[in-house]
Amino acid sequence: MGTQESNEETSGTGRRALLGAAVLGAGGAVLGMTGTARAESARHGGGHGGLKSLPKPTIVGHRGASGYRPEHTLGSYQLALDLGADIVEAGDLVPTKDGHLVCRHEPEIGGTTDVADHPEFADRKRTKLLDGVSTTGWFTEDFTLAELKTLRAIERIPANRPHNTLYNGRWEIPTFEEVLKWQDEQTRKRGKQVWIYPEIKHPTYFRKQGLPLEERVAKVLRKYRRDRRTSPVIIQSFEPTSIQRLNKLVDNPLAVLLSSADSRPWDFVEAGDPRTVADLVKPAGLREIASYAQGIGPTLDLVIPRDAKGNLTQPTTLVPDAHKVGLVLHPWTMRNENPFLPANFRRGTDANAYGDVFGAYKAYFATGIDGVFTDQPDTGLLAREAFVNN
């Protein structure tokens with residue numbers, strides 16, 4: 001973030017304040033704040049200090065309500081709102097061959113659509129190097145939007161979520177423009193602003209394919225007048241240089257996603273930058289991120305590491321360190337099912353059975369995180385209610 005944004009943060013009108021306002025507008029009613037109190041908090045909410053007075057932790061519907069519906073479908077997004085999610089992660093954005101932005105977890109769609117059942121697309125199957133990983137399947141950049149619209153979404157992890165397979169084939173792949181129109185429609189119907197949290201996927205990979213994402217995202221946001229400081233759209237990416245590029249194109253709140261400590265963002269790999277995520281979560285790295293972004297989305301293991309047996313250990317200093325430089329933390333991802341929980345919160349051995357997820361939420365909330373991505377927003381809301389009232 002440049003000098004102008006830094007000055008605005010101090011006066012309480014910068015994008016960091018707007019990220020706080022997003023949390024406030026979406027979640028204030030859940031915690032019983034009056035409209036006047038919410039507005040007053042937003043006016044005095046410059047930087048992270050203001051966020052401390054806002055309703056939190058924020059519950060972000062991860063790819064919608066993906067614990068109950070196939071992810072990144074309008075059905076999943078709709079259910080996330082119905083369950084009370086404060087913000088919906090509507091859109092992991094990847095491009096089509098003809099340059100449209102669509103919502104898929106990855107450009108490879110063999111595991112999230114019925115493309116394998118379409119003989120007319122059998123010859124589109126490819127093996128590609130995706131961020132250094134050999135990946136075989138069908139890729140969005142090899143299809144036109146019209147072709148993708150003939151496909152239907154399916155459950156990505158049926159072994160863990162067999163009940164979600166009931167909904168296989170019910171929804172098509174949404175475009176980013178359709179999501180923005182849906183956001184408008186839901187805002188009108190619900191009488192309150194709906195917020196979304198799209199992610200730009202593999203931007204370096206797609207730029208090399210001649211399909212740069214940041215400019216496309218900015219163009220769509222400008223078309224729908226969602227490129228402003230007050231726009232209810234927070235944009236995130238695992239590649240810091242992608243967020244830096246977006247910082248010059250739009251005024252939206254921005255967040256850098258952070259994977260495991262020993263990993264390197266792919267844009268760093270391509271540029272020969274030797275730093276790892278472990279470097280980025282040090283005070284100097286966080287200060288750098290705070291110069292162009294308003295938040296971070298770390299994996300939960302960066303907040304509380306696990307030991308060799310998978311049990312939670314002691315929290316790191318990431319939360320206080322990030323807060324010192326004014327960054328908001330929205331870690332990922334809480335899921336109810338046993339395999340995704342720390343070992344000391346699992347119950348039994350059934351892969352699709354729920355563990356002690358409320359105990360896990362309590363442990364993470366106690367670190368002071370500002371919010372969390374969750375596949376089951378209703379569980380997250382109940383956990384938040386228990387945490388803030390006890």
Side-chain angles (χ1 to χ4, degrees), residues 60-80 83 85 88-89 92 94 103-118 121-122 125-128 130-131 133-140 151-174 199 201-202 259-260 263 299-301 306 308-312 331-361 364 372-380 383:
V60 183
H62 184 236
R63 306 173 198 163
S66 53
Y68 307 119
R69 300 289 187 272
E71 64 191 30
H72 286 311
T73 58
L74 289 180
S76 183
Y77 301 158
Q78 183 75 30
L79 184 58
L83 293 176
V88 180
E89 190 191 29
D92 281 346
V94 293
C103 304
R104 287 291 84 194
H105 173 48
E106 291 288 341
E108 198 291 300
I109 55 174
T112 61
T113 74
D114 61 359
V115 63
D117 297 331
H118 287 251
F121 297 136
K125 194 172 186 178
R126 302 279 191 275
T127 297
K128 299 189 180 189
L130 181 61
D131 290 2
V133 178
S134 181
T135 305
T136 299
W138 292 263
F139 296 80
T140 59
L151 307 179
R152 293 296 179 268
I154 63 172
E155 172 56 37
R156 184 176 61 87
I157 47 174
N160 302 111
R161 292 170 178 167
H163 294 95
N164 288 13
T165 62
L166 172 67
Y167 305 100
N168 285 353
R170 294 196 66 86
W171 293 288
E172 61 183 31
I173 298 174
E199 177 188 342
K201 302 291 291 193
H202 304 287
S259 193
S260 60
S263 67
T299 174
L300 285 163
D301 288 346
R306 304 186 194 191
K309 295 182 179 180
N311 297 308
L312 289 188
W332 48 274
T333 304
M334 287 298 299
R335 298 179 169 103
N336 290 0
E337 295 91 355
N338 272 319
F340 308 112
L341 290 169
N344 46 322
F345 292 101
R346 296 171 192 164
R347 297 294 178 265
T349 59
D350 187 343
N352 59 37
Y354 287 180
D356 178 19
V357 67
F358 289 108
Y361 270 110
Y364 290 120
V372 68
F373 285 77
T374 174
D375 287 6
Q376 290 96 355
D378 54 338
T379 306

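Note that this is a predicted model, so its numbers are computed, not measured.
Note: E71 CD to Y68 OH = 15.5 Å, rounded to the nearest 0.5 Å. Here E89 contributes atom CD and D375 contributes atom CG; the two are 9.5 Å apart, rounded to the nearest 0.5 Å. Within the model, atoms NE2 of H72 and CH2 of W171 stand 14.5 Å from one another, a figure rounded to the nearest 0.5 Å. Annotation: the span from D131 atom CG to K201 atom NZ amounts to 9.5 Å, rounded to 0.5 Å. Between atom CZ of residue R161 and atom CD of residue E155 there is a gap of 6.5 Å, rounded to the nearest 0.5 Å. Separating the OG1 atom in T374 from the OH atom in Y361 is a distance of 3.0 Å, to the nearest 0.5 Å.
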Give the C-alpha distance, both sets of side-chain angles, the deciding distance and a yes or no for side chain to side chain contact (heavy atoms under 4.5 Å, CB included) between F340 and T333. CA-CA 9 Å; F340 308 112; T333 304; over 6 Å; no
From CA spacing to verdict: side chain to side chain contact (heavy atoms under 4.5 Å, CB included), N168, R152: CA-CA 8 Å; N168 285 353; R152 293 296 179 268; over 6 Å; no
Side chain to side chain contact (heavy atoms under 4.5 Å, CB included) for Y167 and I154? Distances and angles first, verdict last. CA-CA 7 Å; Y167 305 100; I154 63 172; over 6 Å; no
After noting the C-alpha distance and the side-chain angles of R335 and H62, does the key distance pass the side chain to side chain contact (heavy atoms under 4.5 Å, CB included) rule? CA-CA 10 Å; R335 298 179 169 103; H62 184 236; 3.5 Å; yes
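Considering all non-hydrogen atoms of both residues, P158 and T165 come closest at CB-CG2, 3.7 Å. Of all the heavy atoms in L300 and P331, the pair that sits closest is CD2-CB, 3.6 Å. G110 approaches W138 most closely through the heavy-atom pair CA-CE3, 4.0 Å. Between T379 and N336, the shortest heavy-atom distance links the atoms OG1-ND2, 3.0 Å. Residue A85 comes nearest to G61 through the heavy atom pair CB-N, 4.0 Å, listed as atom of the first residue, atom of the second, then distance. Nearest heavy atom pair, residue Y77 against residue G64, reads CD2-CA, 3.8 Å.
With S76 contributing its side chain and T73 its backbone, the two residues share no donor-acceptor pair below 3.5 Å. At least one donor-acceptor pair closer than 3.5 Å links the side chain of N164 to the backbone N or O of S66. Between the D114 side chain and the D117 main chain, no donor and acceptor come within less than 3.5 Å of each other. R346 contributes a side-chain N or O that, together with a main-chain N or O of L341, makes up a donor-acceptor pair within less than 3.5 Å. Between the side chain of N311 and the backbone N or O of R306 there is no donor-acceptor pair closer than 3.5 Å.
Using a 4.5 Å cut-off on side-chain heavy atoms (C-beta onward), Y354 and E337 make contact. With a 4.5 Å cut-off on side-chain heavy atoms, F139 and K128 count as touching. Taking the side chain as every heavy atom from C-beta outward, E172 and L151 never approach each other to under 4.5 Å. At least one side-chain heavy atom of L74 sits under 4.5 Å from a side-chain heavy atom of P174. Side chains of I173 and T113 form a contact here, defined as non-hydrogen atoms less than 4.5 Å apart. Considering only heavy atoms from C-beta on, S260 stays 4.5 Å or farther from D301 through its side chain. V94 has its side chain out of reach of E106: every pair of non-hydrogen atoms, C-beta onward, lies at least 4.5 Å apart. By the 4.5 Å heavy-atom criterion applied to side chains, V60 and W332 are not counted as neighbours.
For R156 and T112, the side-chain atoms include no donor-acceptor pair closer than 3.5 Å.
Ion pair R104/D92 not flagged as a salt bridge, since none of the NZ, NE, NH1 or NH2 atoms sits closer than 4.0 Å to an Asp/Glu carboxylate oxygen.
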